[in-house]
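Labels below follow one simple rule: chain letters A, B, ... track the order of the sequence lines, proteins then strands, and each chain is numbered from 1.
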Number of protein chains: 4
Amino acid sequence: MSLRERKKEKKINEIMNSAMGLISKKGYHATTMDDIASELLMTKGSLYYYFKDKEDLVFYCTKQLLGESIQQAEEIERLDVNSHEKLHKAIVVHMEYLLTERSGFEIGSKPRSFFSGEKLDHVVKLRHDYASCMDRMIEEGMASGEFEQGDVKVKRNLLLGAMNYSISWYSLSGPLDITETAHKSAEHLMKMFVK
Amino acid sequence: MSLRERKKEKKINEIMNSAMGLISKKGYHATTMDDIASELLMTKGSLYYYFKDKEDLVFYCTKQLLGESIQQAEEIERLDVNSHEKLHKAIVVHMEYLLTERSGFEIGSKPRSFFSGEKLDHVVKLRHDYASCMDRMIEEGMASGEFEQGDVKVKRNLLLGAMNYSISWYSLSGPLDITETAHKSAEHLMKMFVK
Amino acid sequence: MSLRERKKEKKINEIMNSAMGLISKKGYHATTMDDIASELLMTKGSLYYYFKDKEDLVFYCTKQLLGESIQQAEEIERLDVNSHEKLHKAIVVHMEYLLTERSGFEIGSKPRSFFSGEKLDHVVKLRHDYASCMDRMIEEGMASGEFEQGDVKVKRNLLLGAMNYSISWYSLSGPLDITETAHKSAEHLMKMFVK
Amino acid sequence: MSLRERKKEKKINEIMNSAMGLISKKGYHATTMDDIASELLMTKGSLYYYFKDKEDLVFYCTKQLLGESIQQAEEIERLDVNSHEKLHKAIVVHMEYLLTERSGFEIGSKPRSFFSGEKLDHVVKLRHDYASCMDRMIEEGMASGEFEQGDVKVKRNLLLGAMNYSISWYSLSGPLDITETAHKSAEHLMKMFVK
DNA sequence: GATGAATGAGTCTTCATTCAT
DNA sequence: GATGAATGAAGACTCATTCAT
């Protein structure tokens, strides 16, 4: 990859990070293209060189966020450890990723408000993929006898809600750092699953 | 209260219900004063007879929502049952209320994006009151030995996140009705607390 | 019709006239909603109370323009006079209307650049209706032996082009008034048809 | 002329052709510098090496278009044939040129919307020159008794309108090819002039 | 009390133009 | 000469808010 291309890629990532940060802090509609641009000391117009429109920008953010989450989760799924360790690790990684990137899942959880057409389909599919991966880990644990039986979808949704909400309450100035928070949360949440 | 006043109060409640329903479905910024008005077959202008501005309307919605939640929670707190039953009931009631009213806590969870000045202070205080009530129930259970020891705030936040997210995933057309969903969720979530 | 409704209708007509005048003078893209509004001493925002968007405004202008033209032409078609007189009158009326309203046919002649979907279909249909009416008059004259035989469509298009272009060259400050211009032009153009 | 200069000239012509084609198809404002560049597989920036700005580019296009038309018309004017043949030929050549190049006269007919200053003057002058040449042919025919007397300017404008509109209605997929269309039109239009 | 109408600030988006490399 | 990147002014459109009737 040429220098130019690397520079461009870097810029794209900067924009996406800025966008994700602001959106997770202020929400999609309250975040203007100007906000995103000025945080990066660019002008609004420049954003449109890299992304077709706001929906496009947010779509790529969401795609990256969910994509990386899925990848991480699937790697964990393939580990040669028991279900308990898998799910625990998945929770820790999810929360660490979320709190480190400070990137909200507002978009991910109401995709219909932000996307349409193919983009909507894509996001819905990614969310489904992530949920499925979680579900498989939970089902595996139930099948092996490690986890208690129960409605997998309800459990998974409670788990996702609990994890994702952390971005609203976690504070860097609080007593716990991100790793501690993630681990504590994971321990608490795992109790929903074990016998 | 005169007939006139009662009529006015009724209207105010209709407006608030309409507003809460729409905001929880579409989000604060995507819900326009027009949307709210036309759902009630009124004109936008009329809303301003009842509420000073959008912030005002949303403030009273939030206040009512949180206020009722607090009241419910405090009633439960005063019941003469053990901590387990209290917290379980609080979860059930919270979720039933949330899913029945279909009113989101988007506002409640990022008050700084929607309110300022005294209104912000008020909402923050209400959120704090609700959280405190939850915390007291949890602490009571820990003190009595029913619940496991642990970081109360983290546990409470995980609990709130899990409950509030339900509005995003619960579907009337799914296999479970609201009461069943609330009870199943409560059972799963209680496992975070018991020994 | 109530006073309010009549006022509204009047406003709508004022807006349409302003829009048609400006567009025929400066072209569609060069005419901004601001231009139209400020000519009427309104703000841009008000226009959007009456018309959904620019396409909508221009659509109704075009519809009215073509609609009235069609009506006029069809009335002439039904007159109990020979084909020569009919076509002559149709030309005069068309040009007088065009030059009086100072409303261009730029839109009418490239509808695909301005409209889409149903609106496009509608405009295309109206254009077709108008052309058909012209064609019928020409064919009638050919059938009756008054007019020379020939390719009806080519003749009609030459005629339309000649007439519509008048808006670009006719000048109020020139030696001829609108009526004189229309009549002179009609006499010249009729020579294309007669034997 | 050096190789380099010839290359540059060739590029300039390519750009002008691309620009004229697009503008006549989509209109001036709807044609972006990007459209023009990408049709030639160049980047927008490069255009600015060859033309100072969009007005400049369009000015040279217009100048060339009108210039060639004038040259053709003047050549025809100098032919040693009667007025009828001259005007007939002028019409045929004008239409063939127009339909072959598919280059509109939108610009030519509303120069005030596109040009200013010296450029405007120049375009106005060229338009005037072309009109004058037409007028001379018509006057010559009237003087020689071939053509009927009449308002030369009105006739010339009707003629120009009829010819120029052809770009809007002529279709390559129709039954007539360009030459046939031009000849048919010329025959019809000549009837406006002959006794 | 209600409503039609108007307003203006704010947001997204486009595009001609510039410039460093 | 060419290009990728950046810019800023302009334009379409939205929407909370106001106000006369």
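Residues D:Y28 and C:H29 have side chains not in contact (no heavy-atom distance under 4.5 Å, counting atoms from C-beta outward). Counting heavy atoms from C-beta on, the side chains of D:Y50 and D:E9 never come closer than 4.5 Å. Inter-residue side-chain proximity for D:L126 and D:T62 is flagged as unmet; no heavy-atom pair is nearer than 4.5 Å. In this structure, D:E55 and D:F115 have side chains that are in contact, with non-hydrogen atoms separated by less than 4.5 Å. With a 4.5 Å cut-off on side-chain heavy atoms, C:M20 and C:N17 count as touching. At a threshold of 4.5 Å between non-hydrogen side-chain atoms, the residues C:N13 and C:Q64 count as touching.
Between E:dG1 and B:K7, no contact under 4.0 Å exists linking OP1 or OP2 to a side-chain N or O. For E:dA2, neither phosphate oxygen OP1 nor OP2 lies less than 4.0 angstrom from any side-chain nitrogen or oxygen of B:T43. Taking 4.0 angstrom as the limit, A:K8 places a side-chain polar atom (N or O) nearer than this to OP1 or OP2 of F:dA5. Taking only side-chain nitrogens and oxygens, A:Y48 never comes nearer than 4.0 Å to OP1 or OP2 of E:dT14.
The minimum heavy-atom distance linking C:L22 with C:T31 is given by the pair O-OG1, 3.4 Å.
Taking a 4.0 Å limit (strictly below) on heavy-atom distances, residues 49-57 of chain D reaches DNA chain F at D:Y49, D:Y50.
Nucleotide F:dG1 holds its C1' atom 13 Å from the CD1 atom of D:I12, rounded to whole Å. Atom NZ of D:K26 is separated from atom P of E:dT14 by 13 Å (rounded to the nearest Å). Put simply, NZ on C:K10 is 16 Å from C1' on E:dG4, counting in whole angstrom units. If you measure from atom CE of B:M33 to atom P of E:dA9, you get 20 Å, rounded to the nearest angstrom. Rounded to whole Å, the distance from NE2 on D:H29 to P on F:dA10 is 13 Å. A:L40 places its CG atom 16 Å from the P atom of F:dA5, with the value rounded to the nearest Å. Look at CE on A:M42: it is 15 Å from C1' on F:dG8, rounded to the nearest Å.
Every residue two or more places apart in sequence or in another chain was checked for a salt bridge (Lys or Arg N to Asp or Glu O under 4.0 Å) with B:D53, and none qualifies.
Although no hydrogens or angles enter the test, the distance criterion places no donor-acceptor pair under 3.5 Å between the side chain of D:S18 and the main chain of D:E14.
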> According to the Watson-Crick and G-U wobble definition with distances under 3.5 Å, which dot-bracket string, read 5' to 3', encodes DNA chain E, using [ ] for crossing pairs and | for pairs with another strand?
Replying inline: .||||||||||||||||||||
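A 6.0 Å sphere centred on CZ of A:F59 holds more than 12 heavy atoms belonging to other residues, nucleotides or ligands.
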Return a table of donor-acceptor pairs under 3.5 angstrom between the side chains of residues 117-125 of chain A and protein atoms on other chains or two or more places apart.
unit_1: A:K119; atom_1: NZ; unit_2: A:D56; atom_2: OD1; d: 3.2
unit_1: A:K125; atom_1: NZ; unit_2: A:D129; atom_2: OD2; d: 2.6

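Ranked by how close their nearest DNA chain E nucleotide is to the 5' end, D:T32 and B:L47 are led by B:L47. Residue C:S46 is the one, among D:D34 and C:S46, whose nearest nucleotide of DNA chain E lies closer to the 5' end (criterion: closest heavy atom).
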Enumerate the protein-to-nucleotides 19-21 of chain F contacts in which both atoms are nitrogen or oxygen and the separation is below 3.5 Å.
none

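Sorted by first and then second residue, the pairs that involve residues 33-50 of chain A and meet salt bridge (charged side-chain N to carboxylate O under 4.0 Å, His left out), not counting sequence neighbours, are A:K26-A:D35, A:D34-A:K44.
Of the listed nucleotides (E:dA6, F:dA12, E:dT13), E:dT13 has the atom at the smallest distance from the side chain of A:K44.
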